[in-house]
Amino acid sequence: MNDSTQLTNAGSEPEERVIEAALRPRNLDDFVGQGRVRQQLSLVLEAAKIRERTADHVLLSGPPGLGKTTLSMIIAAEMNAPLRISSGPAIQHAGDLAAILSSLTEGEVLFLDEIHRMSRPAEEMLYMAMEDFRVDIIVGKGAGATAIPLELPPFTLVGATTRAGLLPGPLRDRFGFTGHLEFYAVEELELVLRRSAMMLDLRVTSSAFSEIASRSRGTPRIANRLLRRVRDWALVNKLEQIDASAAGAALEMYEVDPKGLDRLDRSVLEALCKKFGGGPVGLSTLAIAVGEESETVETVAEPFLVREGLMGRTPRGRIAMPSAWEHLGLVMPKDAIFAGAQNYETDVD
């Protein structure tokens, strides 16, 4: 793995996972941000409890790190039900899904992460399971094959996806509630950090919270991880209180700049501006220039750079926006302005 993605994917270490799990809110009242989704979900769960029924199936969509897994855990806790966790890539055959469904208990919450990556046969089996709480198990092959119906106890499916557009309509329509999670404002991230700092028993000033939140790319998961890295820096440097200057120094050491860009992000922008004059340049050429795979540039760096208005996507390739030149402290050539104005009208895949 590249150093530049370490901060956004560091949860693979056991200790990091334990700490991250401890920082997760346990109920909707403690969950910060996503006010509309939280309010709607609270209504769905409260109505289910009043009716003494299992909650409707829930689909949560949005970029990684915004709280989809946390909300699934909260749904199970609010309904006082056990939680089963799996993922779309792990279910490649209908038999895999049948094994999971047949072992569910009444009222159990089944969380399927990256549900859009589930195999088509399993997806078709899920239709009947969600609607009728029943699956048909095929026994035998060819003309002698028979379908044995298997009744399932009522359960709640919580599906999470980072690419809702890849979900087929029939599956999407079977969810009783759909919530889309948005990126967090800096003020909301500060609230997330305050709660985490209290749980980690850290002394952090308000200005330090603002400093960390502003570099967290609108994502609570990244904010919490940056807080832990700042904590480590303060511990090594024997600081009892973390202020803005300490937080800034720590994050600079981890190559996270004031806009939240990491080394990969800056490498992409610098290659775009310095090597290709601001573009347009194709994705594969840009990836070669920074020594990365095209998929890494497209999925890790590009979404944030486009969202921040630093990069544009055009029919002829990627271009550097005026703010990219300004952020890097470079003077934008006149022909770069013309290229951007001429080609930014239409998006490209």
Side-chain angles (χ1 to χ4, degrees), residues 11 21 24-25 28 31 33-34 36-48 53-79 81-135 150 152-183 219-221 299:
R24 293 183 188 273
L28 284 174
F31 191 90
Q34 311 297 342
R36 180 55 61 89
V37 171
R38 190 155 39 91
Q39 184 180 23
Q40 294 171 342
L41 188 56
S42 175
L43 185 63
V44 169
L45 299 180
E46 189 62 32
R53 302 284 297 275
T54 57
D56 284 345
H57 303 303
V58 175
L59 177 65
L60 301 172
S61 64
L66 299 186
K68 297 186 290 296
T69 302
T70 299
L71 282 174
S72 73
M73 295 178 177
I74 289 175
I75 290 171
E78 294 278 357
M79 297 302 295
L83 175 68
R84 184 82 57 92
I85 297 178
S86 188
S87 66
I91 301 174
Q92 292 303 308
H93 305 283
D96 299 334
L97 180 62
I100 294 174
L101 294 175
S102 61
S103 63
L104 293 176
T105 58
E106 185 170 352
E108 191 165 355
V109 175
L110 173 61
F111 175 61
L112 290 183
D113 199 10
E114 295 300 301
I115 192 173
H116 65 272
R117 296 175 60 188
M118 193 166 50
S119 69
R120 182 54 60 88
E123 187 181 278
E124 292 175 353
M125 175 180 282
L126 194 57
Y127 295 163
M128 186 179 295
M130 294 173 67
E131 206 161 46
D132 301 326
F133 297 112
R134 180 175 69 90
V135 294
L150 176 64
L152 302 174
F155 68 95
T156 297
L157 173 66
V158 180
T161 176
T162 54
R163 306 184 67 180
L166 295 183
L167 279 179
L171 178 58
R172 194 166 51 243
D173 293 344
R174 282 172 167 79
F175 285 97
F177 171 75
T178 301
H180 180 74
L181 307 188
E182 304 284 351
F183 285 106
T219 306
R221 180 185 296 164
T299 60

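These numbers come from a predicted model, not from an experiment.
Leu71 is listed as a side-chain neighbour of Leu28, based on a closest heavy-atom distance under 4.5 Å. No side-chain heavy atom of Leu152 sits less than 4.5 Å from a side-chain heavy atom of Leu104. Looking at Phe175 and Met130, their side chains come closer than 4.5 Å, going by heavy atoms from C-beta outward. Residues Leu112 and Ser87 have side chains not in contact (no heavy-atom distance under 4.5 Å, counting atoms from C-beta outward). Between Pro64 and Arg221 there is a side-chain heavy-atom pair separated by less than 4.5 Å. Thr162 places a side-chain heavy atom less than 4.5 Å from the side chain of Glu114.
The shortest heavy-atom contact between Ala48 and Ala55 is CB-CA, 3.7 Å. For the pair Val37 and Gly179, the tightest heavy-atom approach, listed with the atom from each and the gap, is CG2-CA, 4.3 Å. Closest of all the heavy-atom pairs between Pro25 and Ile74 is O-CG1, 3.7 Å. Of all heavy-atom pairs spanning Asp113 and Pro89, the tightest one is O-CD, 4.3 Å. Ala76 approaches Leu83 most closely through the heavy-atom pair CB-CB, 3.8 Å. Nearest approach of Tyr127 to Pro168, heavy atoms of both residues: OH-CG, 3.7 Å.
Note: Phe155 and Phe133 have perpendicular aromatic rings, judged against thresholds of 30 and 60 degrees for the angle between ring planes.
No donor-acceptor pair under 3.5 Å is formed between the side chain of Thr161 and the backbone N or O of His116. Judged by distance alone, with hydrogens and angles left aside, the side-chain atoms of Lys68 form a donor-acceptor pair with the main-chain N or O of Gly62 at under 3.5 Å. Not a single donor-acceptor pair under 3.5 Å links the side chain of Ser42 to the backbone N or O of Gln39. In this structure, Gln34 contributes its side chain and Glu182 its backbone to a donor-acceptor pair below 3.5 Å.
Results of the side-chain contact (heavy atoms from CB on, under 4.5 Å) test with Phe177 over Val58, Val158, Leu59 single out Val58 as the only residue that passes.
Pairs engaging residues 165-174 under the side-chain hydrogen bond (donor to acceptor under 3.5 Å, both in side chains) rule: Glu131-Arg174 [sequence neighbours left out].
Atom-to-atom distance recorded for Arg120:CZ and Met125:CE is 15.0 Å, nearest 0.5 angstrom. Summarising the geometry, atom CG belonging to Leu150 is positioned 11.5 Å from atom CE belonging to Met128; distances are rounded to the nearest 0.5 Å. Between the CE atom of Met118 and the CD atom of Glu123 there is a distance of 5.5 Å, given to the nearest 0.5 Å. Annotation: the span from Ile100 atom CD1 to Ile85 atom CD1 amounts to 11.5 Å, rounded to 0.5 Å. How far CG of Leu171 is from CD of Glu124: 11.0 Å, rounded to the nearest 0.5 Å. To the nearest 0.5 Å, atoms OG1 (Thr178) and NE2 (His57) are separated by 12.0 Å.
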Could you walk me through whether Met79 and Thr54 pass side chain to side chain contact (heavy atoms under 4.5 Å, CB included), step by step?
-> CA-CA 8 Å; Met79 297 302 295; Thr54 57; 5.8 Å; no
How far apart are the C-alpha atoms of Leu41 and Ile75, what are their side-chain angles, what is the distance that settles it, and do they pass the side chain to side chain contact (heavy atoms under 4.5 Å, CB included) test?
-> CA-CA 9 Å; Leu41 188 56; Ile75 290 171; 4.0 Å; yes
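Sparse packing is recorded around CZ of Arg163, with 12 or fewer heavy atoms of other residues, nucleotides or ligands lying under 6.0 Å away.
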